[in-house]
Amino acid sequence: MTPSSPPPPLERRHEAAANPHKGRTGLDRILRATGYSAAGLSAAFRGESAFRQEVFAAVVMLPAAFWLGSGWVEVALLAGSVVLVLVVELLNSAIEAVVDRVGLELHELSKRAKDLGSAAVMLSLVLTGALWLGALWQRFA
């Protein structure tokens, strides 16, 4: 491409910038994605104490959801709220890892990103606590 020639069509620009790892399809893609997910869960469990604590709580709370819930909707809400905490914690850990990868120096945007992730975890914990307290109240009050 010379300086005076027009840019290539959008379709060709997209092809040139495409991620070479995104071309996988079918069973190969599913198997690799499963492996990446397992590696992520393992890394979070090994490297994030908050995630470990939440996993240990989930090991107790998920079976308890089947005992405490009086129907499938209540069980789904109780169990789903516990899983939601784990999901939000994983996303928070991912945000923290990316921020740390960019740089460890103090920066207002880095602090904001980490604080927002922490706030999301807190809100998921508050939601879970409220649902569980409501279910316990309904069952025992």
Short side-chain to backbone donor-acceptor contact, [X] and [Y], under 3.5 Å:
X    : Y   : result
S124 : L84 : no
E74  : S70 : yes
T34  : I30 : yes

Considering non-hydrogen atoms only, spot the tightest contact between [X] and [Y] and give its length.
X   : Y    : answer
R46 : R52  : O-NH1, 3.0 Å
N92 : S118 : OD1-N, 3.3 Å
A65 : A79  : CB-N, 3.9 Å
A44 : L90  : CB-CD2, 3.5 Å
I95 : A113 : CG2-O, 3.8 Å
V82 : A58  : CG1-CB, 3.5 Å

Checking F51 against L41 for the side-chain contact (heavy atoms from CB on, under 4.5 Å) test, could you report, in this order, the C-alpha distance in whole Å, the side-chain angles of both residues, the deciding distance, and whether it holds? CA-CA 9 Å; F51 185 73; L41 288 169; 4.0 Å; yes
Scan for salt bridge (Lys or Arg N to Asp or Glu O under 4.0 Å) pairs involving residues 79-102, sequence neighbours excluded, and state none if there are none. D100-K114
Test V121 against E54 for side-chain contact (heavy atoms from CB on, under 4.5 Å), laying out the working first. CA-CA 11 Å; V121 172; E54 291 156 355; 4.1 Å; yes
Between [X] and [Y], is there shared hydrophobic-cluster membership here, with clusters defined by ILVMFWY side-chain heavy atoms closer than 4.5 Å?
X    : Y    : value
L131 : W72  : no
V73  : W137 : no
L116 : V85  : no
L77  : V75  : no

Just so I know, are the side chains of [X] and [Y] near enough to count as touching, which here means a heavy-atom distance under 4.5 Å?
X    : Y    : result
K111 : V99  : no
L62  : V83  : yes
L68  : W132 : yes

Using ring-ring contact (aromatic ring centres under 6.0 Å, His included) as the criterion, list what pairs up with F56, not counting sequence neighbours. F45
Crowding at CH2, W67 (>12 non-hydrogen neighbours, <6.0 Å): yes
Take atom CG in L106; do more than 12 heavy atoms of anything else shown fall under 6.0 Å from it? no
OG1-CG distance between T128 and L86, expressed to the nearest 0.5 angstrom: 9.0 Å
